[in-house]
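Report on the structure given below.
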Amino acid sequence: MSIVTAHEALRRGLTGIVRLDEPMRRHTTYRIGGPADLFIICDTVADVSHTLRVLAEEDIAYTVIGKGSNLLVADAGYRGAVIVLGRDFRRHSREGDDIRCGSGVILAGVVQDAYSKGLKGLEFAVGVPGTVGGALAMNAGTRDEWIGSMVEGVTVYTLDDGLLRLKGGEIEWGYRTSDVGKRGIVLEACLRTEAGDRAEIRRQMEQSFARRKATQPTGRPSAGSVFRNPEGDSAGRLIETLGAKGLRIGDAVVSDVHANFIVNAGNATAQDVTRLIEAIRSAVRDAYGIELETEIKFLGSFETA
Ligand code: EPU
């Protein structure tokens with residue numbers, strides 16, 4: 001495999017951008033992460049197609065990211081290519097009561113726009129960080145509502161089949177998981193909304209926002225909930241009972257607002273975060289016999305986690 005050959009081929013053939021050794025701390029909400037060998041912004045479907053072909057030819061691993069809001073990248077970075085969806089995938093438009101969104105669109109913008117047009121259904125997503133593509137991959141949402149239930153259809157791209165349209169019902173949606181990313185690179189989604197009363201939509205949005213502000217450390221760099229809630233319980237509650245709020249390794253700190261958040265209090269490394277994750281996991285295992293599973297995604301090589 002040759003990163004240099006791939007870089008040359010991409011530099012010549014892309015509308016978007018390609019960079020070598022891009023520090024991933026610039027592309028994650030944690031502001032943590034070493035360099036990715038290649039960092040590629042695909043602006044068009046042709047860019048996506050060209051990129052996948054070059055990476056396949058050079059046998060280079062890749063991953064697609066949105067805003068990096070659920071992601072911990074290793075300090076040594078990622079030996080492969082990070083793909084971001086750019087220009088043509090950062091648009092959304094109304095289609096009747098539905099909203100067609102490119103995967104690279106910031107979800108918060110869609111939520112605001114739905115409100116301004118009097119379309120309801122997305123109120124729960126107020127304050128959910130990241131892009132539409134990231135939200136679909138994670139089936140983002142709350143305990144009671146998630147984005148998968150609103151998906152009318154998605155368009156994915158694969159090297160073998162090109163563009164494929166899948167109906168929402170053909171995708172498996174689970175608690176903070178979906179298999180949509182395995183079906184290809186998700187390029188766009190059509191979200192089903194319905195006409196509603198603007199004052200009521202606004203009230204719901206304000207309620208979701210206030211709740212989130214009061215219960216989550218929204219102002220500090222983090223990657224959202226670190227652990228999935230175990231069946232019938234709450235990871236935050238379990239961790240708090242162990243007195244772990246404020247626990248610190250390096251600059252990684254268990255938030256004192258919500259114990260299921262680890263915040264970057266300055267210059268935390270990925271290793272600080274993974275050490276803290278392991279410390280929490282083993283404390284919860286010892287005290288309750290519960291094995292917490294991580295919700296955040298890892299990219300690159302880690303000694304632990
Ligand atoms: N709790 C504590 N201590 C804490 C935090 C929470 O005792 O430090 C208790 C709360 O008092 C409450 C219970 O745990 O009784 C649940 O807490 P909360 O309502 O904050 O919800 P959560 O289960 O921690 C889930 C999602 C969040 C989502 C909220 C709001 C998971 C792992 N987390 O949090 O999603 O925003 O519900 O609906 O599913 C995310 O996925 O990144 C995320 C932030």
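Sequence positions, counted from 1, serve as the residue numbers for this chain. Counting starts at 1 for both ligands and their atoms, following the listed order.
- Residues Ser301 and Tyr78 bring no donor and acceptor atom of their side chains to less than 3.5 Å of each other.
- By the side chain to side chain contact (heavy atoms under 4.5 Å, CB included) test, Thr44 pairs with Thr15, Ala46, Asp47, Arg87, Asp88, sequence neighbours left out.
- Close approach of ligand 1 to Arg212 is summarised as follows: ligand atoms under 4.0 Å from at least one heavy atom of the residue are 36 (O).
- Listed by first and then second residue, the salt bridge (charged side-chain N to carboxylate O under 4.0 Å, His left out) pairs that reach into residues 103-125 are Asp113-Lys117, sequence neighbours excluded.
- Annotation: atom 20 (O) of ligand 1 to nearest protein heavy atom, His258 NE2, 3.1 Å.
- Remark: ligand 1 and Asn70 share no N or O pair separated by less than 3.5 Å (distance only, no angle test).
- Of the protein's heavy atoms, Ser225 OG, 3.1 Å lies nearest to atom 43 (C) of ligand 1.
- Looking at atom 31 (C) of ligand 1, its nearest protein heavy atom turns out to be Tyr175 OH, 3.4 Å.
- Using a cutoff of 4.0 Å between basic side-chain nitrogens and carboxylate oxygens, Arg94 and Asp98 are not scored as salt-bridged.
- Of the charged side-chain nitrogens involved, none lies within less than 4.0 Å of a carboxylate oxygen, so that Arg203 and Glu206 do not count as a salt-bridged pair.
- Distances from atom 26 (C) of ligand 1 to the heavy atoms of Arg176, Glu295, Arg143, Glu145 show the closest one on Arg176.
- Shown in contact with Lys245 at under 4.0 Å from a heavy atom are these atoms of ligand 1, numbered in order with element: 8 (O).
- Judged by the 6.0 Å and 45° rule, Arg25 forms no cation-pi pair with Tyr30.
- A salt bridge links Glu152 to Arg192: at least one charged side-chain nitrogen sits closer than 4.0 Å to a carboxylate oxygen.
- Atoms of ligand 1 found under 4.0 Å from any heavy atom of Thr142 (numbered from 1 in listed order, with element): 38 (O).
- Of the protein's heavy atoms, Arg211 NH2, 2.7 Å lies nearest to atom 19 (O) of ligand 1.
- When every heavy atom of Arg176 is checked against every heavy atom of Asn139, the shortest pair comes out as NE-O, 3.4 Å.
- Distances between N or O atoms of Ser234 and those of ligand 1 include at least one value under 3.5 Å.
- Applying the 4.0 Å criterion to heavy atoms of Phe261 picks out, from ligand 1, the atoms 44 (C).
- By the definition of a contact as any protein heavy atom under 4.0 Å away, atom 15 (O) of ligand 1 is not in contact.
- Residue-ligand proximity: Phe124 is placed with every non-hydrogen atom at 4.0 Å or more from ligand 1.
- In terms of protein heavy-atom proximity, atom 23 (O) of ligand 1 is nearest to Asn229 ND2, 2.8 Å.
- The only option from Glu291, Glu295, Glu293 that meets the salt bridge (Lys or Arg N to Asp or Glu O under 4.0 Å) definition with Arg228 turns out to be Glu293.
- On a distance-only criterion, Val257 and ligand 1 share no N/O pair closer than 3.5 Å.
- Between Glu240 and ligand 1, an N or O atom pair is found at a separation short of 3.5 Å.
- Salt bridge status for Glu22 with Arg19: present, with a side-chain N to carboxylate O gap under 4.0 Å.
- Ser49 and Arg53 share a side-chain donor-acceptor pair at under 3.5 Å.
- Counting heavy atoms only, Ala259 comes closest to atom 8 (O) of ligand 1 of the residues Ala259, Pro129, Gly127.
- Among all non-hydrogen protein atoms, the one lying nearest atom 28 (C) of ligand 1 is Gln216 NE2, 3.8 Å.
- Leu191 approaches Cys101 most closely through the heavy-atom pair CD1-SG, 3.9 Å.
- The nearest protein heavy atom to atom 11 (O) of ligand 1 is not closer than 4.0 Å.
- Atom 1 (N) of ligand 1 has as its closest protein heavy atom Arg237 N, 3.8 Å.
- A salt bridge is absent between Arg275 and Glu278: the closest approach of a Lys/Arg side-chain nitrogen to an acidic carboxylate oxygen does not fall below 4.0 angstrom.
- Set against the non-hydrogen atoms of Phe227, the atoms of ligand 1 under 4.0 Å away are 32 (C).
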